[in-house]
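See below for the structure under consideration.
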Protein chains: 2
Amino acid sequence: MDRVTVFNQYLRKKGLKSTSQRLIILDAFLNSSSHYSTEELYLSLRKDHPRIGYATVHRTLKLFAECGIAAELNFGDGQTRFEPVHSDHHHDHLVCTHCGSIIEFVEPRIEHLQHEIAARYNFTVESHRHELYGRCAKCV
Amino acid sequence: MDRVTVFNQYLRKKGLKSTSQRLIILDAFLNSSSHYSTEELYLSLRKDHPRIGYATVHRTLKLFAECGIAAELNFGDGQTRFEPVHSDHHHDHLVCTHCGSIIEFVEPRIEHLQHEIAARYNFTVESHRHELYGRCAKCV
DNA sequence: GGAGTGATGAAATTGACTATCAAAAACTAA
DNA sequence: TTAGTTTTTGATAGTCAATTTCATCACTCC
């Protein structure tokens, strides 16, 4: 199902309203390849929509995360980042500590080992975080 | 090599001084099994050493991380935690989202796959983060 | 003892995030 | 459409952990 539809259905289910700001932010968010922080998306939006405030961007990104169309990321730089969720595959991240670029990777064998470890400790996994930090090919 | 020695050598190399506060904090840090935040270690120390300030605890923990005898952890609760580094083995964490307990796990096969992934992208790994969040056996 | 260097700790600052609130906009039902 | 109700917006203020500042303090080496 389309992520715009997911968002609108979530709004209706929760008795929330569909506003122009929310739709503008959703559009900008989905059509970006970046892993935006609130600050970065706010600044990017300000070019075309200077009336949209920081608080609105922040609240809307939290809404995206609540309804499952965005994932919250934290790469240890003190800022929460958001990325659009693709329902078809899960991925983790390589983070370049030099230029800040982010590479996504998929590795089912690691996912499998995670389940194995959880079972070892009778642990029920709800989510996980897996990031490799270092130098990307351009920054060696 | 002893971690106390590592710390003292680091201090000397950097022209820093070996003070009673630093040694007290180091002792408390190494003899704990916890994953302390600055706040928690500060409060714990205050019982026996009420004159040691928060800023000193904070600065000293950062020193530990700099010289490699402590690792900084961040489990998404908004506080940075520190744990003593055991040079002989690397581990990652299971974090219970209900009771906050932390289980350490070791899985060389995942470490191996990480290297494989890094090579795939010509990426030089400096560090990594791998945490599974969910319910521990007691909290199911 | 005195000068020089770095450390300490109380307090102030920073920065990301969250809460507040009056005004504005979106929905709802007649 | 319109009046009434509810939610949203955006500027601002507040919160909290992390960090910095700065006036002493402690140590070392003449």
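By convention in this document, chain letters (A, B, ...) are assigned in the order of the sequence lines, proteins followed by strands, and residues within each chain are numbered from 1.
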Taking it one step at a time, do B:Leu113 and A:Leu113 satisfy side chain to side chain contact (heavy atoms under 4.5 Å, CB included)? CA-CA 10 Å; B:Leu113 286 169; A:Leu113 286 169; 3.8 Å; yes
The ring-ring contact (aromatic ring centres under 6.0 Å, His included) partners of A:His58 (sequence neighbours excluded) come to none
Between B:Phe82 and B:Glu72, does the side chain to side chain contact (heavy atoms under 4.5 Å, CB included) criterion hold? Intermediate values first, please. CA-CA 5 Å; B:Phe82 295 83; B:Glu72 293 190 40; 3.4 Å; yes
Using atom names, set out every protein N or O paired with an N or O of nucleotides 27-30 of chain C below 3.5 Å, distance rounded to 0.1 Å.
| from | atom 1 | to | atom 2 | distance (Å) |
| --- | --- | --- | --- | --- |
| C:dC27 | OP1 | A:Ser18 | N | 3.1 |

Parallel, tilted or perpendicular: ring planes of B:Phe7 versus B:Phe64, cut at 30 and 60 degrees: perpendicular
Within-4.5 Å side-chain heavy-atom neighbours: A:Glu107 and A:His112: no
If you count the non-hydrogen atoms of other residues, nucleotides and ligands that lie under 6.0 Å from NE2 in B:His86, is the total more than 12? yes
Heavy atoms from other residues, nucleotides or ligands near NE2 of A:His115 exceed 12 (cutoff 6.0 Å): no
Roughly, in whole Å, what's the span from CD in B:Gln21 to C1' in C:dG9? 9 Å
Heavy-atom nearest nucleotide on DNA chain D for A:Pro50 versus A:Gly15: which residue maps closer to 5'? A:Gly15
Whole Å only: how far is the OH atom of B:Tyr36 from the C1' atom of D:dA17? 19 Å
Side chains of B:Tyr121 and A:Cys136: closer than 4.5 Å at any heavy-atom pair? no
Counting C-beta onward and ignoring hydrogens, is there a side-chain heavy-atom pair between B:Ile117 and B:Phe123 closer than 4.5 Å? no
Minimum heavy-atom distance between A:Arg120 and B:Val106, given as atom pair plus value: NH1-O, 3.4 Å
So side chain to side chain donor-acceptor pair (under 3.5 Å) across residues 11-26 of chain A, not counting sequence neighbours, yields none
For DNA chain D, the residues among residues 22-31 of chain B that have a non-hydrogen atom under 4.0 Å from it: none
Most 5' of A:Ser20 and B:Tyr42 on DNA chain C, judged by nearest nucleotide: B:Tyr42
If the sugar-phosphate is the primed atoms plus P, OP1 and OP2 and the base is the rest, what is the B/S/- string for nucleotides 12-23 of chain C, using protein heavy atoms under 4.0 Å? ----SSBBB---
Rounding to a whole Å, what distance do you find between B:Phe82:CZ and D:dA17:C1'? 12 Å
Which atom pair, heavy atoms only, marks the closest approach of B:Glu131 to B:Asn74? OE1-O, 3.7 Å
Starting at CZ of B:Arg12 and ending at P of C:dA7, how long is that distance when rounded to a whole Å? 14 Å
What is the distance, rounded to the nearest whole Å, between atom CZ of B:Phe75 and atom C1' of D:dA17? 17 Å
Rounded distance in Å - CD1 (B:Ile52) to P (C:dG9): 6 Å
Of all heavy-atom pairs linking A:Tyr42 and A:Gly53, the shortest is CE1-C, 3.7 Å
Please give, in whole Å, the distance from D:dC16 C1' to B:Glu40 CD? 15 Å
Below 4.5 Å, heavy atoms only, C-beta onward: do B:His91 and B:Phe105 meet side chain to side chain? no
Value in whole Å for how far the P atom of D:dT7 lies from NZ of A:Lys13: 17 Å
Specify the angle, to 10°, made by the local axes at the two ends of the helix from C:dG1-D:dC30 to C:dA30-D:dT1 when five pairs are taken at each end. 20°
